[in-house]
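Order of the sequence lines sets the chain letters (A, B, ...), proteins ahead of strands, with each chain counted from 1.
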Number of protein chains: 2
Amino acid sequence: MTTARPAPVFTVPPEPAGTPDPLPEPDVADLRLETVLGALSDPLRLRIVRRLLLESEAFDHPCGWFGLDRPKSSLTHHFKALREAGVTRQRQYGLERRSQVRVADLEARFPGLLALVADWTPASG
Amino acid sequence: MTTARPAPVFTVPPEPAGTPDPLPEPDVADLRLETVLGALSDPLRLRIVRRLLLESEAFDHPCGWFGLDRPKSSLTHHFKALREAGVTRQRQYGLERRSQVRVADLEARFPGLLALVADWTPASG
DNA sequence: CGAGCTGTACGAGTTTGATCGTACTGCATG
DNA sequence: CATGCAGTACGATCAAACTCGTACAGCTCG
């Protein structure tokens with residue numbers, strides 16, 4: 001029995017109707033701790049996930065919403081890494097590809113992990 | 001807000017007197033989430049930490065105690081990575097160098113993380 | 001002291017991943 | 001249909017890390 005979860009208060013996506021299908025992603029049962037931890041062991045990706053957790057008043061967010069001064073190809077790389085590890089879900093909205101954290105899935109498999117990410121503070125600030 | 005944890009019952013080391021000084025390790029305040037997650041994003045190291053957490057009836061354990069069929073130099077590499085990330089503490093007992101998980105330090109900085117490691121199951125078994 | 005043991009140091013080979021430029025696809029809007 | 005935009009794909013480059021063999025250090029015990 002995994003420890004009973006106190007249900008952290010992250011912004012749970014309301015999932016409105018007429019939503020595009022998610023891009024390919026691992027199933028909840030296939031989430032691997034080592035893979036998820038590997039995806040989160042990068043400051044940039046940690047920053048992305050943390051911002052999604054803390055400032056995600058809307059449903060999900062396009063890549064440009066994060067103020068990351070990196071070339072687009074670098075961002076693609078990191079967002080893809082997060083999605084393939086199962087940390088985020090991405091949907092195509094016309095032009096944009098928006099991301100959200102798979103809060104329910106991650107809490108179910110690795111309870112408490114997202115709280116650590118939310119509490120994280122970058123090294124240079 | 002870190003979710004209030006139900007205080008997992010790991011074996012807390014009794015710290016007997018006359019213990020050798022620990023090898024160099026990062027201070028609790030210097031523990032970085034991304035570094036710790038990086039150290040734990042490896043199946044072999046995850047297995048090491050998990051065994052230390054679950055079967056650590058004694059105080060700490062030498063490298064040979066784990067049944068890892070890797071060359072010694074590889075094991076040195078991984079144990080050093082864990083210690084330098086702040087996950088484990090190592091002490092020199094005569095011939096042996098014994099390891100323990102820094103349970104109190106990790107729980108203080110990243111509450112709940114060790115519970116995830118304890119719940120982890122290797123991919124091939 | 002000399003043998004044997006635990007573990008390290010060092011270095012080479014290999015792999016993985018980060019970074020980023022350039023060229024491209026696909027949608028939208030006029 | 002032409003322009004512009006969000007994001008991808010591909011490939012090159014570079015840095016880090018894994019793996020492991022060999023040689024060595026340090027302790028212990030006969």
Side-chain angles (χ1 to χ4, degrees), chain A residues 18-25 32 34-49 52 58-85 87-100 122-124, chain B residues 18-25 32 34-49 52 58-85 87-100 123:
Chain A
T19 315
D21 282 339
L23 281 85
E25 66 183 21
R32 300 252 71 226
E34 61 268 35
T35 308
V36 171
L37 295 188
L40 293 176
S41 68
D42 180 283
L44 184 67
R45 295 200 283 250
L46 222 34
R47 185 188 313 247
I48 291 173
V49 177
L52 278 177
F59 177 50
D60 43 13
H61 294 276
C63 292
W65 175 75
F66 312 85
L68 305 169
D69 55 345
R70 305 288 183 93
K72 293 187 296 178
S73 50
S74 296
L75 296 185
T76 298
H77 171 70
H78 289 292
F79 278 94
K80 184 178 178 185
L82 285 172
R83 190 189 75 237
E84 292 184 339
V87 177
T88 58
R89 171 166 297 143
Q90 289 186 292
R91 288 191 171 90
Q92 193 80 31
Y93 284 80
L95 280 185
E96 309 172 331
R97 177 167 299 193
R98 303 187 196 161
S99 299
Q100 59 171 315
S124 59
Chain B
T19 315
D21 283 341
L23 281 86
E25 66 182 22
R32 303 250 71 229
E34 61 269 34
T35 309
V36 171
L37 295 189
L40 293 176
S41 69
D42 179 283
L44 184 66
R45 296 201 282 250
L46 222 34
R47 185 189 313 246
I48 291 173
V49 176
L52 277 176
F59 177 50
D60 42 13
H61 293 276
C63 292
W65 175 74
F66 312 84
L68 306 169
D69 55 345
R70 305 289 182 94
K72 293 187 295 178
S73 50
S74 295
L75 297 184
T76 298
H77 170 71
H78 289 292
F79 277 94
K80 185 179 178 184
L82 285 172
R83 190 189 74 236
E84 291 184 340
V87 177
T88 58
R89 171 166 297 144
Q90 289 186 292
R91 288 191 170 90
Q92 194 78 31
Y93 284 81
L95 280 186
E96 309 172 331
R97 177 167 298 194
R98 302 186 198 162
S99 299
Q100 59 172 313

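Within the structure, a side-chain polar atom (N or O) of A/Thr76 is placed less than 4.0 Å from OP1 or OP2 of D/dT8.
Here the P atom of nucleotide D/dA6 and the CG atom of A/Leu23 are 18 Å apart, to the nearest Å. Put simply, CG on B/Leu68 is 12 Å from P on D/dC20, counting in whole angstrom units. For B/Phe79 and C/dG7, the CZ to C1' distance is 11 Å, given to the nearest whole Å. Rounded to an integer number of Å, the gap from CD of B/Glu34 to C1' of C/dG17 is 17 Å. The interatomic distance linking B/Leu75 (CG) with C/dA9 (P) rounds to 14 Å, in whole Å. B/Glu96 places its CD atom 6 Å from the P atom of C/dG7, with the value rounded to the nearest Å. In this structure, CZ of A/Arg91 is placed 18 Å from C1' of D/dG7, rounded to the nearest angstrom. Note: CD (B/Gln92) to C1' (D/dC27) measures 9 Å, nearest angstrom.
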Heteroatom pairs (N/O) under 3.5 angstrom, protein to nucleotides 12-18 of chain D:
from: D/dC18; atom 1: OP1; to: B/Arg45; atom 2: NH1; distance (Å): 3.3
from: D/dC18; atom 1: OP1; to: B/Arg45; atom 2: NH2; distance (Å): 2.8
from: D/dC18; atom 1: OP2; to: B/His77; atom 2: NE2; distance (Å): 2.5

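At its two ends the helix from C/dC1-D/dG30 to C/dG30-D/dC1 runs along axes set 20° apart, each axis drawn from five pairs and the angle rounded to 10°.
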Q: Starting from the C-alpha separation in whole Å, work towards a yes-or-no answer on side-chain contact (heavy atoms from CB on, under 4.5 Å) for A/Phe79 and A/Thr88.
A: CA-CA 8 Å; A/Phe79 278 94; A/Thr88 58; 5.5 Å; no

Q.
Run B/Leu68 and B/Arg47 through side-chain contact (heavy atoms from CB on, under 4.5 Å) and show every step you take.
A. CA-CA 10 Å; B/Leu68 306 169; B/Arg47 185 189 313 246; 4.0 Å; yes

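Remark: A/Arg97 CZ to A/Thr76 OG1 distance equals 8.0 Å, nearest 0.5 Å. With rounding to the nearest 0.5 Å, the separation of CD in A/Glu84 from CG in A/Leu23 is 10.5 Å. Atom-to-atom distance recorded for A/Leu82:CG and A/His77:NE2 is 9.5 Å, nearest 0.5 angstrom. In this structure, A/Ile48 CD1 and A/His78 NE2 are separated by 7.0 Å, a value rounded to the nearest 0.5 Å. Expressed to the nearest 0.5 Å, how far CD of A/Gln90 lies from NZ of A/Lys80 amounts to 10.5 Å.
Taking every heavy atom of both residues into account, A/Arg45 and A/Ala39 meet most closely at NE-O, 2.8 Å. Here the shortest heavy-atom pairing between A/Asp42 and B/Glu34 reads N-CB, 4.5 Å. For A/Asp21 against A/Arg91, the heavy-atom pair with the smallest separation is O-CG, 4.0 Å. The shortest heavy-atom contact between B/Leu37 and A/Ser41 is C-CB, 3.9 Å.
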Q: Classify every nucleotide of nucleotides 24-30 of chain C by which part a protein heavy atom approaches to under 4.0 Å, writing B for the base, S for the sugar-phosphate alone and - for neither, in 5'-to-3' order.
A: --BBS--

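Residue A/Ser73 places its side chain closer to C/dC20 than to any other of C/dC20, D/dA6, D/dC20.
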